[in-house]
There are 2 protein chains.
Amino acid sequence: MVKAALRQGALPDLLGYRLRLAQQAAFRDFAASVQGLSPGRIGLLILIDANPGVTQSRLAEAVRRDRSTMVGVIDLLEGRGLVERRRGDDRRTNGLWLTRAGHMLLARALRRIAEHERRIASRLSPAERRRLLELLGKISP
Amino acid sequence: MVKAALRQGALPDLLGYRLRLAQQAAFRDFAASVQGLSPGRIGLLILIDANPGVTQSRLAEAVRRDRSTMVGVIDLLEGRGLVERRRGDDRRTNGLWLTRAGHMLLARALRRIAEHERRIASRLSPAERRRLLELLGKISP
DNA sequence: ACAATCTGTTGGGCATCCAAACAATCTTAC
DNA sequence: GTAAGATTGTTTGGATGCCCAACAGATTGT
């Protein structure tokens, strides 16, 4: 018994909806591949790696989250031994650095992410992929 | 005092990341415009409108959520008088219909959503917008 | 020196979602 | 026909991710 698909109404024409669908599809694939850390967490590792010593507030600002949200996330990453907090010159701040384990995990994750990217872009030609990134850039600059 | 932006590392080249950025940007704009119901909730109203009498399970399947998740959502929509559950011929099922109030709210929401779409696509030409929808379709068919 | 501001933190709360178990109901096999 | 199995909506419990308000310690501006 094959069930007919639901009628989609106006949804397929809505950018917001289609972005959500694509993002959820990518998320599911990611969750199945880079086990243990969510896309957002890995993203933080990438940002810390590219900006060693960055403070929690600057990081929160970069990903548009509240400062208080960042506390728990960094607690988690620090608890797993991936990130280190160091007292800054301005002694209100914590500078963030990847630990040796953090660097190693990130390197491994980046290889998984490369496969992940290949899967989600498998129906796109390289030119289409570039075009998609370009058009997405016009939505969230 | 102008703070330099963080270095982004490999992130800007990752489709998953850019999709998340765009989706979050769209979500923020939506939240600010269609007050009271989230994009997902409005999406359900659209689906029920396009498929009157659809069961909760079929609806859950369509949006890739668990049946148990749907219960609370429909409770909410029913509690606001937007949706009605009716016992189906198969008496295990609930058929879902929009109420009169549901139809009216949806009509109003669709106008807000049209403005929302215009805003988030404001940097895209009509051709670029169509192209973006087409490329997104290759990621989540 | 003193008020204003900034940083990380805590605690409370909200929204969204899944998994397991259950009763009522329907379907399938015999 | 009837017993076994499958499906539907539901309840309960828990996980996740996020924000806001308030706070102490530190810094900055006047």
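Per chain, numbering begins at 1; letters A, B, ... match sequence-line order. The model shown is predicted, which means the values in this text are computed figures rather than measured ones.
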Length of the CE-C1' vector between A:Met70 and C:dG8, whole Å: 12 Å

A:Arg67 side-chain N/O to D:dC20 phosphate OP1/OP2 under 4.0 Å: no

Residue met sooner reading DNA chain D from 5', once A:Arg64 and B:Gly95 are mapped to nucleotides: B:Gly95

Nearest-angstrom distance from the residue atom CG of A:Leu44 to C1' of D:dC18: 14 Å

Length of the CG-C1' vector between B:Leu59 and D:dT7, whole Å: 17 Å

Heavy-atom side-chain contact between A:Phe27 and B:Gln23 under 4.5 Å: no

A:Ile46 reachable from A:Leu77 in the ILVMFWY side-chain graph, under 4.5 Å edges: yes

Under-4.0 Å side-chain N/O to phosphate OP1/OP2 contact, A:Thr93 with C:dT7: no

Close side-chain approach of B:Leu59 to B:Ile48, heavy-atom, < 4.5 Å: yes

Comparing A:Gln24 and A:Asp75 on DNA chain C - which has the more 5′ nearest nucleotide: A:Asp75

Phosphate OP1/OP2 of C:dT16: any B:Arg41 side-chain N/O under 4.0 Å: yes

A:Arg118 and A:Glu115: CA distance, side-chain angles, deciding distance, salt bridge (charged side-chain N to carboxylate O under 4.0 Å, His left out) verdict: CA-CA 5 Å; A:Arg118 236 175 293 128; A:Glu115 303 164 14; 5.7 Å; no

Value rounded to 0.5 Å, distance of CZ in B:Arg7 from CG in A:Asp49: 11.0 Å

Under 3.5 Å on both distances, the Watson-Crick or G-U partner of D:dG1: C:dC30

Side-chain N,O (A:Arg58) to OP1/OP2 (C:dG8) below 4.0 Å: no

Separation of atom CZ in A:Arg28 from atom P in C:dT16, rounded to whole Å: 18 Å

A:Arg92 CZ to C:dT7 C1', straight-line distance once rounded to whole Å: 6 Å

Atom pair distance, as rounded to whole Å: CG in B:Asp90 and P in D:dA6: 17 Å

Between C:dG8 (P) and A:Arg65 (CZ): distance, integer Å: 17 Å

Whole-Å gap separating C1' (D:dT10) and CG (B:Leu76): 17 Å

5' precedence on DNA chain C between B:Asp66 and A:Asp66 (nearest-nucleotide basis): A:Asp66

Presence of A:Arg91 side-chain N/O under 4.0 Å of C:dT7 phosphate oxygens OP1/OP2: no

Sugar-phosphate only, base, or nothing, as touched by A:Ser68 at under 4.0 Å among non-hydrogen atoms: base

